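Before any comments, here is the structure.
Per chain, numbering begins at 1; letters A, B, ... match sequence-line order. None of the values given here were measured: they were computed from a predicted structure.
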Protein chains: 2
Amino acid sequence: MPVATDLNAQTQRRDAIVRILRQNAVARQAELVTLLHREGHDATQSSVSRDLRELGVVKGGDRYLLPAAEDALTPSHFETVSSFVKGYRAAGPTLTVLRTSVGTAQSVAIALDKARWPEVIGTIAGDDTIFIATESAKAQRRLHDHLRTHFGR
Amino acid sequence: MPVATDLNAQTQRRDAIVRILRQNAVARQAELVTLLHREGHDATQSSVSRDLRELGVVKGGDRYLLPAAEDALTPSHFETVSSFVKGYRAAGPTLTVLRTSVGTAQSVAIALDKARWPEVIGTIAGDDTIFIATESAKAQRRLHDHLRTHFGR
DNA sequence: ACAGGCTCTGCATAATTATGCACATTTGCG
DNA sequence: CGCAAATGTGCATAATTATGCAGAGCCTGT
């Protein structure tokens with residue numbers, strides 16, 4: 001009997017995979033499954049195999065490597081700006097408005113762009129507001145999952 | 001009944017693998033074996049598996065990718081300078097002296113450096129002469145195999 | 001609220017890759 | 001030159017990864 005189909009779970013699991021790979025040298029998917037379980041994520045080798053492909057992760061010699069783009073994104077960049085985020089709301093099915101502390105919108109937007117989340121079509125940042133465009137309602141949900149994971153509810 | 005242990009064959013096979021991967025999208029080692037056979041190289045999946053690891057080749061999603069360093073080396077770079085090379089001789093077990101047309105040593109040395117052959121410790125180029133340092137007699141043989149493959153006997 | 005269509009999963013298993021062995025050559029040293 | 005130590009291989013097979021299927025939850029439109 002197949003298990004729960006929790007969309008949000010997938011997003012969180014993938015974010016966790018990226019984080020884990022950034023910190024550890026993982027040689028096989030089975031290890032990754034163990035590490036994920038350790039932090040409460042449900043996962044099987046099957047899902048991990050699919051996630052890795054989806055994430056563009058590459059296997060070199062004896063360890064999995066994040067693609068250059070992801071690698072370039074220093075975790076600190078993202079973490080640094082997380083405190084600037086005040087909140088976000090959907091404005092229709094494809095536009096999300098994110099509010100930040102005054103004057104920090106630009107830097108938050110840059111961090112978002114660097115994250116290269118596939119569901120994001122583009123962003124525009126003002127002074128304390130960022131407009132994030134997504135392709136569909138579904139993509140918007142993905143985005144919100146990501147935002148929730150990184151900035152809290 | 002193991003087959004021939006021809007050191008030079010290994011070097012040539014690996015060079016061929018690099019070239020093939022640079023031109024084609026190869027998804028499995030079996031394909032690579034076929035392509036190698038096609039150009040006269042002897043190889044089994046076993047050897048290819050070992051070569052790929054040794055070459056630092058990475059498997060991303062559904063194709064093998066050369067490491068960035070190798071990728072950066074445009075084949076043309078190397079081919080362009082090959083005509084400048086007059087010849088080379090060993091000067092002791094760890095030093096190889098390569099002679100080039102007057103004034104072209106620098107560019108040939110740069111191409112050599114970009115190739116990043118593991119057996120090469122370092123190079124110094126004068127006007128028409130390049131000193132290539134290798135770690136051991138064995139490494140020197142590797143180097144000569146490489147030189148022979150690219151510049152002819 | 002229901003139907004039809006998508007997406008995401010786990011499971012079982014096919015497909016691929018990695019590696020222990022045994023052995024042929026080569027290399028390194030007297 | 002002769003022998004012990006390294007290397008490099010293929011083969012057979014273990015170890016890993018990928019994927020066809022069928023089920024379960026979610027979404028969209030009515």
Side-chain angles (χ1 to χ4, degrees), chain A residues 1-15 17 21 26-34 36-37 41-65 90 92-94 118-119 134-142 144-145, chain B residues 1-14 17 21 26-34 36-37 41-65 90 92-94 118-119 134-145:
Chain A
M1 56 299 269
V3 178
T5 296
D6 183 343
L7 192 52
N8 187 284
Q10 186 191 53
T11 301
Q12 297 198 326
R13 189 182 59 237
R14 291 185 179 175
D15 284 340
I17 288 177
L21 291 182
V26 181
R28 335 160 211 215
Q29 302 183 354
E31 282 180 51
L32 203 42
V33 171
T34 301
L36 285 169
H37 278 170
H41 289 285
D42 237 31
T44 58
Q45 177 265 320
S46 306
S47 301
V48 170
S49 169
R50 292 169 178 132
D51 288 339
L52 291 177
R53 178 184 293 271
E54 199 59 37
L55 289 169
V57 170
V58 141
K59 180 168 189 180
D62 55 355
R63 55 171 118 285
Y64 283 99
L65 303 167
T94 62
E119 70 272 20
T134 45
E135 187 183 82
S136 61
K138 184 171 303 184
Q140 186 180 62
R141 271 193 298 286
R142 299 275 189 177
H144 289 196
D145 287 339
Chain B
M1 50 318 269
V3 178
T5 295
D6 184 341
L7 189 54
N8 187 284
Q10 186 190 54
T11 301
Q12 297 198 326
R13 190 181 59 237
R14 291 186 178 174
I17 288 176
L21 292 182
V26 181
R28 316 176 250 161
Q29 301 183 352
E31 283 182 50
L32 204 42
V33 171
T34 301
L36 285 169
H37 278 170
H41 289 285
D42 237 30
T44 57
Q45 177 266 320
S46 306
S47 300
V48 170
S49 168
R50 291 168 179 136
D51 288 339
L52 291 177
R53 176 185 295 270
E54 199 60 36
L55 289 169
V57 170
V58 142
K59 181 168 189 180
D62 55 356
R63 54 170 119 290
Y64 284 98
L65 304 166
T94 62
E119 69 272 19
T134 44
E135 188 183 81
S136 62
K138 183 172 303 185
Q140 188 180 59
R141 271 192 297 283
R142 301 275 189 176
L143 168 63
H144 289 195
D145 286 340

### Message
Could you measure the distance from the OG1 atom of A/T11 to the CZ atom of A/R141? Nearest 0.5 Å is fine.
### Response
10.5 Å
### Task
Please state whether the base of D/dG8 and the side chain of B/R14 form at least one donor-acceptor pair under 3.5 Å?
no
### Task
Nearest 0.5 Å please: distance from the CD1 atom of B/I17 over to the CG atom of B/D51.
4.0 Å
### Query
D/dA18 C1' sits how many Å from A/K59 NZ, rounded?
13 Å
### Message
Taking the minimum atom-to-atom distance to the side chain of A/Y64, which one of D/dT17, D/dT19, D/dG10 wins?
### Response
D/dT17
### Task
With rounding to the nearest 0.5 Å, note down the distance linking CZ in A/R50 to CZ in A/R53.
10.5 Å
### Query
Can you find a donor-acceptor N/O pair under 3.5 angstrom joining the side chain of B/S46 to the base of C/dT17?
no
### Message
Set out, in order, the CA-CA distance, both residues' side-chain angles and the distance that settles side-chain contact (heavy atoms from CB on, under 4.5 Å) for A/L52 and A/Y64, then state yes or no.
### Response
CA-CA 9 Å; A/L52 291 177; A/Y64 283 99; 3.7 Å; yes
#### Entry: Separation of D/dT19 P from A/Q29 CD (nearest whole Å)
11 Å
### Task
Using whole Å, report how far CG of B/L36 lies from P of D/dT9.
12 Å
Heteroatom pairs (N/O) under 3.5 angstrom, protein to nucleotides 28-30 of chain D:
none

### Query
D/dT9, C/dT9, D/dG8: which one has an atom nearest the side-chain heavy atoms of B/R142?
D/dG8
### Task
Figure out the CZ/P separation between A/R53 and C/dT16, and round it to whole Å.
12 Å
### Message
In whole Å, I'd like the distance from the CZ atom of B/R63 to the P atom of C/dT16.
### Response
16 Å
#### Entry: Between CD on residue B/Q140 and OG1 on residue B/T94, distance to nearest 0.5 Å
7.0 Å
### Summary
Considering only heavy side-chain atoms of B/Q45, the closest of D/dT17, C/dT17, C/dT9 is C/dT17
## Note on the structure
From CD of B/E135 across to C1' of C/dT27 the rounded distance in Å is 15 Å
### Query
Does B/R50 get its side chain close enough to the base of D/dG10, under 3.5 Å, for a donor-acceptor pair?
yes
### Message
As an exercise, state the distance from CG of B/L55 to CZ of B/R13, rounded to the nearest 0.5 Å.
### Response
9.5 Å
### Task
Mind calculating the distance between CZ (B/R28) and P (C/dA18) to the nearest angstrom?
14 Å
### Task
Rounded off to whole Å, could you give me the CG-to-C1' distance for the B/D145 and D/dG8 pair?
13 Å
### Task
Would you kindly check whether a donor in the side chain of A/S49 faces an acceptor in the base of D/dT19, or vice versa, at under 3.5 angstrom?
no
### Message
To the closest 0.5 Å, what do you measure between CZ (B/R14) and CG (B/L36)?
### Response
12.0 Å
